[in-house]
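Here is how names work: the chains are called A, B, and so on, in the same order as the sequence lines, proteins then strands, and each is numbered from 1.
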Number of protein chains: 2
Amino acid sequence: MKPSVGIRDVAQHAGVSNATVSNVLNRPDVVAPATRQRVLAAIEELGFVRNESARQLRAGRSRVIAYVVLDAANPFFTDVARGVEDAAREAGLALFLCNSASDDGREREYLELLHEQRVEGILITPVDAECAQIAERGTPVVLVDREATDGTRCSVAVDDVLGGELAVTHLIENGHTRIAMVGGPLSIQQVRDRREGAMRALTNAGLPADALTFLETKSLQVAEGRGAGERLVGLPASRRPTAAFCANDLLALGLLQSMTQQGLRVPDDLAVVGYDDIEFAAAAAVPLTSVRQPREQLGRTAAQLLLTENEPDHEHRHVKFQPELVVRASTAVKRRA
Amino acid sequence: MKPSVGIRDVAQHAGVSNATVSNVLNRPDVVAPATRQRVLAAIEELGFVRNESARQLRAGRSRVIAYVVLDAANPFFTDVARGVEDAAREAGLALFLCNSASDDGREREYLELLHEQRVEGILITPVDAECAQIAERGTPVVLVDREATDGTRCSVAVDDVLGGELAVTHLIENGHTRIAMVGGPLSIQQVRDRREGAMRALTNAGLPADALTFLETKSLQVAEGRGAGERLVGLPASRRPTAAFCANDLLALGLLQSMTQQGLRVPDDLAVVGYDDIEFAAAAAVPLTSVRQPREQLGRTAAQLLLTENEPDHEHRHVKFQPELVVRASTAVKRRA
DNA sequence: CTCAGGCGTTAAAACGTTTCAACATCGAGG
DNA sequence: CCTCGATGTTGAAACGTTTTAACGCCTGAG
């Protein structure tokens with residue numbers, strides 16, 4: 001609609017060459033103050049807006065990075081995204097946020113698109129662990145919340161085995177000897193790792209392996225947590241666990257709701273530990289004990305790592321953060337009085 | 001790093017001109033099958049990826065739209081975003097998701113950036129209602145969850161007055177005559193509208209205006225809901241409301257938590273109605289009655305409206321959806337038995 | 001045998017910027 | 001007076017596509 005004012009219109013209006021206008025835009029210090037003012041005035045007057053496409057085409061760079069997220073509706077990922085955004089912003093980069101929604105078709109499409117856009121780099125929490133999909137093709141890629149098994153790229157992750165261990169050790173210290181773990185599917189690396197950590201906690205405490213009852217769920221959603229609650233209550237009282245460790249907070253919230261509805265009390269009848277420590281965990285009716293991951297820092301570090309990819313002597317790094325247990329009411333010890 | 005294979009490399013490799021390659025990419029039907037195969041093979045072999053910058057520069061179009069969201073961490077907006085994404089995807093457009101985080105500086109920056117990128121259109125839930133900021137400059141803009149007061153652009157909103165009316169009417173029908181409304185700040189249009197609806201419900205039922213106690217909060221976050229809960233319980237029993245209508249679900253969840261902690265029961269001691277019907281509302285310890293907004297449809301419609309902007313005979317439209325009350329346990333009527 | 005017309009392909013001109021080498025201009029040092 | 005370097009500005013060549021008009025070829029009709 002608009003005749004689209006370009007750099008040469010500005011140049012003509014200011015009585016200089018287009019090269020000078022370009023300099024004002026990109027290296028303001030190199031042009032004489034008087035000229036600069038004149039050019040800026042012309043830009044203002046004509047309402048000129050630089051055309052990024054042309055700039056990119058010529059410069060080869062795009063000033064944009066992307067984060068392909070697994071589930072935009074999960075608070076965990078939105079928090080990670082915030083960390084990414086902050087870091088990107090500090091580096092003067094814009095952030096393209098894409099939601100694969102756990103669908104590897106979508107994921108592939110977005111990667112293709114991003115590559116066509118020639119983004120500077122891609123952060124991704126891939127749908128499948130293999131992530132063979134992510135053809136390198138020259139664009140730097142950093143894995144988020146997944147560990148790169150081969151050394152072909154950087155990754156930022158959290159020690160999930162330790163997280164599981166922390167959670168279950170806490171329960172054992174509170175006197176529990178029959179513990180349920182709720183989570184799944186087992187195809188998810190995180191779930192496997194957290195279970196492994198849980199087993200390790202048992203071993204450390206000298207408890208037998210069958211002290212842990214594993215209830216597998218189909219996904220990590222709230223509804224699955226409710227279902228697990230019903231299964232749990234259905235167990236014969238003699239075998240019923242007195243505590244549950246959930247693979248994420250959504251499951252834990254579902255479990256909590258299920259307990260309340262069935263007239264059982266948390267933590268008295270069942271202690272509950274979640275994972276992720278999302279905001280809603282602290283805000284639950286019974287505030288949830290949870291394993292906190294440094295979400296924002298995860299994103300921030302991933303972005304920073306991505307920025308180092310272009311350095312000549314870059315070596316791929318694998319950063320691993322430590323999770324931390326946040327104790328709240330859902331695992332409070334019974335008063336002895 | 002990579003020598004970046006271009007369309008002319010492909011052309012040379014396939015023994016055709018670059019125009020033919022371009023045709024294979026954009027109008028496959030116009031080129032002879034045999035040639036097409038040869039070109040496709042060359043593309044595959046060389047690992048060619050079209051350069052969007054160049055394409056855009058030439059074509060003037062970008063195949064990208066953007067949604068500038070007010071708070072990426074609020075489930076309401078992530079659901080709206082999903083609707084936008086679905087519609088965009090169907091139209092073959094990519095979606096640029098930007099988070100203004102209620103900061104009008106960020107919002108401005110993003111708008112500038114998007115304009116430089118020459119996106120096809122912008123969906124935005126603006127930080128301030130005035131939204132004078134959003135200089136038109138040729139890029140179509142559609143307001144989401146806000147009503148455009150002037151006729152300068154399209155908007156998609158939900159009838160918040162009706163929503164408030166539905167919520168409070170429901171409470172009145174359940175026998176409540178002292179009702180609190182929790183929400184704020186009043187600078188937010190939505191909060192004002194929902195309160196207006198609440199008042200209308202009182203009038204319809206022949207109740208006096210002071211049947212509604214308004215508790216203003218500083219934001220719409222969970223913590224504010226907790227604070228409101230404490231203020232509520234602090235009221236003398238004779239004046240204390242028996243029901244509360246919260247301006248959004250986050251407040252309602254906070255309120256719920258506060259009640260539980262103070263030993264009061266929902267809905268027996270206090271009935272609670274939320275707003276937005278986010279997933280966590282149904283998953284709360286006491287499932288929350290809430291006013292549901294057609295979130296995904298909101299986003300979907302906004303995107304579709306945006307697509308019509310370029311049509312020659314386009315007229316700006318203001319779509320307004322009806323909210324719907326979803327009744328759950330938090331307003332269950334006391335059993336009379 | 002010629003010619004019209006359809007089909008598939010192509011050469012070349014954009015698109016709006018960045019960049020590089022070259023070019024003035026001017027003051028200072030020899 | 002000449003040279004030199006510094007400072008500021010510029011012309012023109014890219015960047016990798018899309019697009020338009022023109023082109024050559026072939027077929028079938030006249």
Pairs under 3.5 angstrom only: tabulate donor-acceptor contacts from the side chains of residues 19-28 of chain A to other protein residues two or more places apart or in another chain.
unit_1 : atom_1 : unit_2 : atom_2 : d
A/S22  : OG     : A/N26  : ND2    : 3.3
A/N23  : OD1    : A/R27  : NH1    : 2.6
A/N26  : OD1    : A/R50  : NH2    : 3.1
A/N26  : ND2    : A/S22  : O      : 2.9

Whole angstrom value for the distance that separates [atom2] of [N] from [atom1] of [X]:
X	N	atom1	atom2	value
A/I7	C/dG16	CD1	P	11 Å
B/R55	C/dT17	CZ	P	20 Å
B/R27	D/dT18	CZ	P	9 Å
A/R61	C/dT18	CZ	P	11 Å
A/N26	C/dT19	CG	P	7 Å
B/N51	C/dC15	CG	P	18 Å
A/R8	C/dT18	CZ	C1'	12 Å
A/L57	D/dT18	CG	C1'	12 Å

Within residues 86-101 of chain B or reaching into it, pairs that qualify as salt bridge (Lys or Arg N to Asp or Glu O under 4.0 Å) - sequence neighbours excluded: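 Salt bridge (Lys or Arg N to Asp or Glu O under 4.0 Å) check on residues 86-101 of chain B returns A/R106-B/D86, A/E109-B/R89, B/E90-B/R300.
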Which pairs with one or both residues in residues 64-79 of chain B pass salt bridge (Lys or Arg N to Asp or Glu O under 4.0 Å), sequence neighbours excluded?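 Counting only pairs at least two positions apart or across chains, the salt bridge (Lys or Arg N to Asp or Glu O under 4.0 Å) contacts touching residues 64-79 of chain B are B/D79-B/R82, B/D79-B/R295.
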Is the shortest side-chain N to carboxylate O distance from B/K320 to B/E147 below 4.0 Å?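 Answer for the salt bridge query: yes.
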Does a side-chain N or O from A/R58 land closer than 4.0 Å to OP1 or OP2 of D/dA14, or not?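 Answer is no, no contact under 4.0 Å.
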If the cut-off is 4.0 Å, is A/S22 near the phosphate of C/dT18, judged by side-chain N/O to OP1 or OP2?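 For A/S22, the contact criterion (side-chain N or O under 4.0 Å from OP1 or OP2 of C/dT18) is met.
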B/F76: which residues meet the ring pair (Phe, Tyr, Trp, His ring centres under 6.0 Å) condition with it, sequence neighbours left out?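 For B/F76, no residue satisfies ring pair (Phe, Tyr, Trp, His ring centres under 6.0 Å) once neighbours in sequence are set aside.
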What verdict does the side chain to side chain donor-acceptor pair (under 3.5 Å) test give for A/N18 and A/Q12, after you've listed the backbone C-alpha separation in whole Å, the side-chain angles of each residue and the deciding distance to 0.1 Å? CA-CA 8 Å; A/N18 38 8; A/Q12 188 173 4; over 6 Å; no
Could you list the residues that satisfy side chain to side chain contact (heavy atoms under 4.5 Å, CB included) with [X], not counting sequence neighbours?
X	value
B/A41	none
B/A302	B/L123, B/V142, B/V144, B/V156
B/R317	B/L305, B/V319

Annotated protein contacts, base or backbone, on nucleotides 4-11 of chain C with a non-hydrogen cut-off under 4.0 Å, one of B, S, - each: ----SSBB
What does the inter-axis angle of the helix from C/dC1-D/dG30 to C/dG30-D/dC1 come out as, five pairs per end, nearest 10 degrees?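 For the helix from C/dC1-D/dG30 to C/dG30-D/dC1, the axes at either end differ by 60°.
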Would you mind classifying the nucleic acid contact of A/R50 as base, sugar-phosphate or nothing, using non-hydrogen atoms under 4.0 angstrom?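 Contact class for A/R50: sugar-phosphate only.
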